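This report refers to the structure that appears directly beneath it.
One-based numbering, in listed order, for ligands and for the atoms of each. Please read all numbers here as calculations on a predicted model, not as lab measurements.
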Amino acid sequence: MTEIAGTRTGGPALPQERRLVTEVPGPRSRELLARRAEHVAAGVGTVLPVFVEAAGGGVILDVDGNSLIDLASGIAVTGVGNAAPEVVDRVIEQVQAFTHTCFMVAPYDGYVEVCERLAELTPGTHAKKSALFNSGAEAVENAVKIARSATGRMAVGVFDHAYHGRTNLTMAMTAKNMPYKHRFGPFAGEVYRAPTSYPFREPAPISGAEAAGRAIDVLDKQAGASNLAAVVIEPILGEGGFVVPEDGFLPRLREWTEANGIVMIADEIQTGFCRTGDWFACDHEGVVPDLVTTAKGMAGGLPLAAVTGRAEIMDAVHVGGLGGTYGGNPVACAAALGAIEAMRTHDLCGAARRLGEVMRERLAAVRKAHTCVGDIRGRGAMTAVEIVGTDGHTPEPVRAGSISSYCHSQGVVTLTCGTYGNVLRFLPPLVMSTELLHDAFDVVAAAFDATA
Ligand SMILES: Cc1ncc(COP(=O)(O)O)c(C=O)c1O
């Protein structure tokens with residue numbers, strides 16, 4: 001193993017500061033990058049050119065001793081902070097007790113307890129049940145299986161700019177070709193795509209209800225309402241660019257799906273677990289979907305995903321029709337119980353709202369000096385800025401990439417996203433202090449100046 005600097009103990013006790021002691025990447029990261037290039041498949045991309053030694057709170061410590069501010073949370077996963085004590089304690093206890101029996105062979109209480117928490121926390125007060133899986137894509141696939149089994153129908157409605165994963169069905173459900181689908185077909189059939197509500201890119205203002213009507217029209221004409229098993233929607237687009245639909249879009253869709261016996265599946269894999277300032281993004285408008293898919297923020301970094309929903313829909317599947325060797329692994333369940341405890345104890349929904357206000361204020365100040373800021377959007381600690389040309393419209397992915405790379409070089413971890421690759425997105429751990437966030441946004445502001 002390569003010798004690495006410093007300590008391997010992460011968690012919130014790490015000094016919460018940005019500190020560069022080498023250039024980024026430093027010599028040890030460069031050495032590991034070379035080994036990576038030799039042994040890791042090229043198709044697995046990496047955003048940040050540094051290797052991680054430890055992480056906690058709002059920082060990532062690299063193998064050269066640099067402390068970087070984390071505005072990514074491992075793509076909206078470590079909302080509770082990396083190596084959060086509530087997660088670490090429960091994981092240690094569980095790993096010492098047993099690591100795996102397979103819930104389908106010999107069950108354990110952690111799985112049941114996670115399902116109980118999901119029933120409490122997801123939108124709606126109706127009777128709910130859950131099934132646990134390993135990844136977001138697997139949860140989405142299973143939500144579709146459940147909806148098909150419950151309705152006896154096959155068609156699935158999805159939306160422009162959607163991202164649902166990298167398995168065959170979820171690639172079919174995902175909108176963007178490059179990099180997710182290119183040369184990977186043929187894809188699963190019976191997937192119908194409708195326009196979404198993308199306020200910044202509408203040719204003319206259109207209300208949420210009108211945008212929903214436009215989508216309903218497409219789905220009804222192309223699939224037929226009576227053939228649709230499910231409509232699957234991200235309440236705020238994740239990889240598609242943090243697009244928040246106009247108010248009224250989700251409620252109108254909910255009305256239509258309910259009236260036509262279509263299972264409404266909210267994909268809350270990126271938006272869930274306090275990220276948007278509510279437990280789930282659907283809560284914002286009081287929308288109660290039939291099924292909710294979750295993953296990412298739920299388990300503090302361990303792989304766990306779920307489908308949660310109306311008991312009668314969840315129970316439509318025959319015994320043995322759902323499951324998997326590792327789904328609801330006891331260590332991942334212990335981590336989720338610790339993470340949920342941390343979200344409740346530290347009011348991370350409130351924290352997400354406060355961080356969001358700071359980010360939007362800072363971005364509004366950047367906008368005054370930079371016309372490339374086309375749109376500032378998001379909700380809570382899921383905030384983004386869309387970068388455009390001088391016409392105020394044309395996507396500028398190269399500029400977005402340069403801003404992001406500048407941030408990396410100065411010790412701030414940022415991500416891009418969006419159908420056009422021109423959206424800078426900010427997903428800080430929800431436990432980050434506002435002081436640290438301000439320091440990160442000093443760098444973000446400087447990045448706009450440096451790349452102008
Ligand atoms: C909304 C949404 N659905 C599904 C997925 C797929 O999750 P996973 O990468 O865990 O398979 C993602 C991942 O980014 C996502 O953001």
Is it the case that more than 12 heavy atoms not belonging to Lys129 sit under 6.0 Å from its NZ atom? no
For the residue pair Tyr108 and Phe98, is the inter-centroid distance of their aromatic rings smaller than 6.0 Å? yes
Under the ring-ring contact (aromatic ring centres under 6.0 Å, His included) definition, can you give me all pairs with a residue in residues 325-351, not counting sequence neighbours? His100-Tyr326
Go through the structure and list residues passing side chain to side chain contact (heavy atoms under 4.5 Å, CB included) with Cys333, not counting sequence neighbours. Tyr111, Val114, Leu132, Leu304
Under 3.5 Å, which donor-acceptor pairs do the side chains of residues 349-357 form with other protein atoms, sequence neighbours left out?
| residue | atom | partner | partner atom | Å |
| --- | --- | --- | --- | --- |
| Arg353 | NH1 | Gly277 | O | 2.3 |

Could you pull out every protein residue that has a heavy atom closer than 4.0 Å to ligand 1, ordered by chain and then number? Ser135, Gly136, Ala137, Tyr163, His164, Gly165, Glu234, Glu239, Asp267, Ile269, Gln270, Lys296
Side-chain donor-acceptor pair present, Arg254, Thr257, cut-off under 3.5 Å: yes
